[in-house]
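Notes to accompany the following structure.
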Amino acid sequence: LANFTAHHDVSAGAGAANVSANQIVFGPQLQPFEITEQARGMVEGVTGPIAVDAEITWTRDTLLGGARVDLQGVSLATATIPIVNDVRGSIYFDDLWQLTTPPGQEITVGELNPGITVTNGRVRFQLLTEERVSIERAEFDFASGALAMAPTTIRLGADETRFELTLRDVDAADLLRTLNVPDLNATGQIEGNFPLLLTRQSAFVQNGV
């Protein structure tokens, strides 16, 4: 999977290691949980290539690890979002054992479909402990306008996921085409906000404005 180099000072009880791979390709024969058990249940059906460069250090009392992971067009699914395609960007892990990151990680998402398709996503986030993701900013192209997520924290692998969404400069005719609404025409622009509840089976919108 990767190149591994390490050194250890026996008398000091300390050392360091580097793990690097120019390309690891996920697919039916290899999934992230087969590399690290920490990834089990977080994402499913991962396909596509990544690159990894990890640094691990230790003393008699501590074991530390950080890494940079470059996503090179990865697709995946979560329990409540079945389609996440063409994810690109670099993620910096400050703790490999907890799979956590500093704030301000940024990726792009070619397509996201929790029930309706949005494209060209720009997402800033932080990975937290206990399989949680803090969404700091997320915006996607949708029906000639934009769909944005309010800052929130979600749990990967959960049976339910809640978002507060905002529409801006959405074209009414494009929206009807996107939603496949038959026998209905409209013109003008739409904006507003609404809560979205995703489950493993359905998506629900309630009390939207």
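Computed over heavy atoms, backbone and side chain alike; hydrogens, waters and symmetry mates excluded.
- Under a 4.0 Å N-O distance rule, the pair Glu139/Arg168 qualifies as a salt bridge.
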Report task. Verify side-chain contact (heavy atoms from CB on, under 4.5 Å) between Val205 and Phe194, making sure each step is shown before the conclusion. Result -> CA-CA 7 Å; Val205 173; Phe194 58 95; 3.7 Å; yes

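- The side chain to side chain contact (heavy atoms under 4.5 Å, CB included) with Gln126 is formed by just one residue from the set Arg132, Glu136, Gln105; it is Glu136.
- Counting only N and O atoms by type, the side chains of Thr59 and Thr62 include a donor and acceptor under 3.5 Å apart.
- Although no hydrogens or angles enter the test, the distance criterion places a donor-acceptor pair under 3.5 Å between the side chain of Glu34 and the main chain of Gln31.
- Residues Asn193 and Leu165 fail the side-chain proximity criterion, which asks for heavy atoms closer than 4.5 Å.
- Between Asp159 and Arg200, at least one side-chain nitrogen of the basic residue sits less than 4.0 Å from a carboxylate oxygen of the acidic one, meeting the salt-bridge criterion.
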Query - Test side-chain hydrogen bond (donor to acceptor under 3.5 Å, both in side chains) applied to Ser75 and Asn85, step by step - result: CA-CA 4 Å; Ser75 297; Asn85 288 335; 3.2 Å; yes

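- Side-chain N or O atoms of Trp97 include one that pairs as donor or acceptor with a backbone N or O of Leu63 at under 3.5 Å.
- Each of Val74, Ile81, Leu76 was scored for a side chain to side chain contact (heavy atoms under 4.5 Å, CB included) with Val43, with one residue passing: Leu76.
- Two residues are said to be in side-chain contact when any heavy atoms from C-beta on lie closer than 4.5 Å; Phe142 and Val170 meet this criterion.
- A donor-acceptor contact under 3.5 angstrom links the side chains of Thr100 and Asp94, judged on distance only.
- Residues Leu1 and Ile35 form a side-chain contact, since some pair of their non-hydrogen atoms from C-beta on lies under 4.5 Å apart.
- Counting heavy atoms from C-beta outward, Phe140 and Met149 have side chains that approach closer than 4.5 Å.
- The CG atom of Leu112 sits 12.5 Å away from atom CG of Asp141, with the distance rounded to the nearest 0.5 Å.
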